[in-house]
Asker: 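Dropping the structure in here first, questions after.
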Protein chains: 2
Amino acid sequence: MGVAERRQREREERRVVILDAAERVFLSKGVAVATMEEIAQQAEVSKGALYLYFKSKDELYLSIVTRSLRELVVRLERAAAAPGSGLERYRRLLHTHAGFALEEPDRFRVGIGWLNTNYSVTDDSPLFGEYRGLLERTLALSVAAIEQGKQDGSVVTSLDSLELATQIGAALFGLMVIQANRLEVDRRVRHGLQWERLIGSFVDLVSGAIAQPGRARTA
Amino acid sequence: MGVAERRQREREERRVVILDAAERVFLSKGVAVATMEEIAQQAEVSKGALYLYFKSKDELYLSIVTRSLRELVVRLERAAAAPGSGLERYRRLLHTHAGFALEEPDRFRVGIGWLNTNYSVTDDSPLFGEYRGLLERTLALSVAAIEQGKQDGSVVTSLDSLELATQIGAALFGLMVIQANRLEVDRRVRHGLQWERLIGSFVDLVSGAIAQPGRARTA
DNA sequence: TCAGTTGCTGACCGGCGGTCAGCGTCCGAC
DNA sequence: GTCGGACGCTGACCGCCGGTCAGCAACTGA
């Protein structure tokens with residue numbers, strides 16, 4: 001029985017070696033420019049061997065993104081668990097999410113690599129199911145914080161929680177995209193922005209917009 | 001002298017034929033999947049002939065995007081010129097921009113194709129200069145409307161106009177990205193959104209946030 | 001030791017953006 | 001009308017890339 005287990009363990013270890021190599025190459029070159037040949041070299045296997053472990057470049061990509069998302073959700077769960085009003089929790093979620101994206105812009109850019117591409121990810125794969133579940137979890141945490149805010153009186157009740165969470169999530173996404181691509185933005189638009197203030201003061205703006213008037217709140 | 005002019009005219013006409021063909025293919029397939037071979041077929045020339053008119057696929061891309069941007073700026077200029085308070089003008093700009101993006105989502109997706117890619121666009125080409133100027137113009141129109149709002153009392157004065165225009169611009173961008181890619185979003189996150197309300201009610205949210213209290217405003 | 005299983009390699013495939021020698025057509029001078 | 005040079009275009013070719021798989025080496029258990 002020992003041989004089968006060892007082999008299984010070795011396969012898993014090799015798989016992780018390949019994932020780590022792919023992540024390094026994706027992060028440094030970008031997904032589109034990264035080549036399977038270079039990933040293979042970094043992993044110290046042949047290019048053909050990559051396909052013994054992963055069906056395609058796309059599956060490699062999705063595996064790496066899912067790994068990052070797991071880490072993000074852990075952080076968001078932790079942020080959501082800390083005490084405070086619903087509004088405070090929501091603000092903390094926004095800051096945590098933005099912090100995660102921008103502490104390593106390359107990772108974030110890899111994560112949104114599906115934009116404008118035609119990666120054919122199969123809906124029915126367990127991996128895609130996990131990926132999707134993680135994304136949904138991030139949205140659910142925001143909705144829950146907003147709902148709590150409605151109950152404790154820190155958030156206005158007139159707006160739909162899901163719609164709000166989606167709008168502000170998408171808005172924050174736009175800001176993260178812009179900031180993660182600041183070099184390209186700087187090449188396209190001359191501006192005098194203080195990048196380090198951008199997201200913080202935007203979170204202030206929107207939390208001001210959804211705060212219940214007359215409630216003491218941390219601004 | 002007549003022969004040189006005719007030839008120049010024919011070259012220009014052929015150039016436009018190629019641009020139109022490329023636009024059709026980019027719109028239907030996406031930039032990455034579109035092939036020069038297919039563009040050549042649509043334009044009824046050989047693939048090699050494309051390179052007599054455009055240096056690369058990237059230049060073809062940038063030419064098409066710049067064409068769209070010209071149209072967008074015309075619309076924004078018109079929206080900015082209509083009467084109203086600064087806040088009303090700004091709202092109209094936001095709605096016009098979103099309307100342009102979403103009336104043809106394919107066109108918008110092509111326009112943001114630079115995200116996460118390594119298109120090596122030369123900073124010094126006249127084409128890039130024009131493209132950049134157009135982008136800057138869209139930002140400048142927003143800043144001007146906000147400034148007008150500060151002067152006529154419809155917008156709060158406590159926030160920096162450029163920062164605000166950039167934040168809300170980026171936020172709107174995020175919403176447009178999400179909505180233009182709604183099929184991919186639907187595959188990733190189960191939600192009960194009413195897509196047609198999403199941007200309109202977001203514009204209401206942010207304009208409420210920046211409106212000067214106590215001023216009658218169109219909500 | 002040996003047959004069967006497992007794991008891996010690298011040559012190969014077709015698709016793609018880009019290149020350019022070679023050819024056909026046009027044009028103006030004679 | 002003829003001819004040489006200029007111009008415009010073509011399509012075969014190139015190297016790069018993701019993906020494939022026949023063939024080989026190493027491992028395993030009887």
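Within every chain, numbering begins at 1; the chains are lettered A, B, ... in the order of the sequence lines, protein sequences first and strands thereafter. In this text the structure is predicted, and so the values were computed from the model without any measurement.
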Asker: Please report the distance, rounded to the nearest Å, between CD in A:Glu10 and P in D:dT28.
Answerer: 8 Å
Asker: Do the side chains of A:Asp20 and A:Arg67 get close enough for a salt bridge, i.e. N-O under 4.0 angstrom?
Answerer: yes
Asker: Between B:Arg6 and B:Glu10, does any side-chain N to carboxylate O distance fall below 4.0 Å?
Answerer: yes
Asker: Rounded to whole angstroms, how far apart are CZ on B:Phe54 and P on C:dG17?
Answerer: 15 Å
Asker: Is the backbone of A:Gly84 close enough, under 3.5 Å, to the side chain of A:Gln148 for a donor and an acceptor to pair up by distance?
Answerer: yes
Asker: Remember a base hit wins even if backbone is also touched, and classify A:Tyr53 as base, sugar-phosphate or nothing at under 4.0 Å, heavy atoms.
Answerer: sugar-phosphate
Asker: Tell me if a side-chain donor or acceptor on A:Arg89 pairs with a main-chain N or O of A:Ala145 at a distance below 3.5 Å.
Answerer: no
Asker: Choose from D:dG11, C:dC8, C:dG28 the nucleotide whose nearest atom is closest to any side-chain atom of B:Ser46.
Answerer: D:dG11
Asker: Testing the 3.5 Å rule here: is there a donor-acceptor pair between the side chains of B:Arg188 and A:Tyr131?
Answerer: yes
Asker: Is the phosphate of C:dT19, meaning OP1 or OP2, less than 4.0 Å from a side-chain N or O of B:Tyr51?
Answerer: no
Asker: Mind listing the N/O atom pairs, protein and nucleotides 2-6 of chain C, below 3.5 Å?
Answerer:
{"unit_1": "C:dT6", "atom_1": "O3'", "unit_2": "A:Arg7", "atom_2": "NH1", "d": "3.3"}

Asker: Between the base of C:dG10 and the side chain of A:Lys47, is there a donor-acceptor distance below 3.5 Å?
Answerer: no
Asker: Please tell me which of B:Glu37 and A:Gly48 maps to the more 5' nucleotide of DNA chain C, matching each residue to the nucleotide holding its nearest heavy atom.
Answerer: A:Gly48
Asker: Let me know the distance between CD of B:Gln8 and P of D:dC7, rounded to the nearest Å.
Answerer: 13 Å
Asker: Please answer whether the main-chain N or O of A:Leu135 pairs with a side-chain N or O of A:Thr138 as donor and acceptor at a distance below 3.5 Å.
Answerer: yes
Asker: Expressed as a whole number of angstroms, how long is the span from A:Arg9:CZ to C:dG7:C1'?
Answerer: 17 Å
Asker: Scan A:Ala34 against the nucleic acid and name what it touches under 4.0 Å (heavy atoms): base, sugar-phosphate only, or nothing.
Answerer: sugar-phosphate
Asker: Please work out which residues in residues 14-28 of chain B have a non-hydrogen atom less than 4.0 Å from an atom of DNA chain C and list them by number.
Answerer: none
Asker: Does a side-chain N-to-carboxylate-O contact under 4.0 Å join A:Arg75 and A:Glu103?
Answerer: yes
Asker: Measure from CD on A:Glu59 to P on D:dG18 and round the result to the nearest Å.
Answerer: 16 Å
Asker: Just checking, any donor-acceptor pair under 3.5 angstrom between side chains of B:Ser68 and B:Arg107?
Answerer: no
Asker: Measure from the side-chain heavy atoms of B:Met36 and tell me the nearest of D:dG19, C:dT9, C:dG17.
Answerer: C:dG17
Asker: Do side-chain atoms of A:Glu37 reach the backbone of A:Lys47 as a donor and acceptor pair under 3.5 angstrom?
Answerer: no
Asker: Rounding to an integer number of Å, can you tell me how far B:Leu52 CG sits from D:dC7 P?
Answerer: 13 Å
Asker: Spell out yes or no: do the side chain of A:Lys57 and the base of D:dG19 have one donor N/O and one acceptor N/O closer than 3.5 Å?
Answerer: no
Asker: Output the rounded distance in Å from CG (A:Leu50) to C1' (D:dG18).
Answerer: 11 Å
Asker: What's the CD-C1' distance between B:Gln41 and C:dG17, to the nearest Å?
Answerer: 15 Å
Asker: Under a 3.5 Å distance rule, please check whether B:Glu163 uses its side chain to pair with a backbone N or O of A:Leu193 as donor and acceptor.
Answerer: no
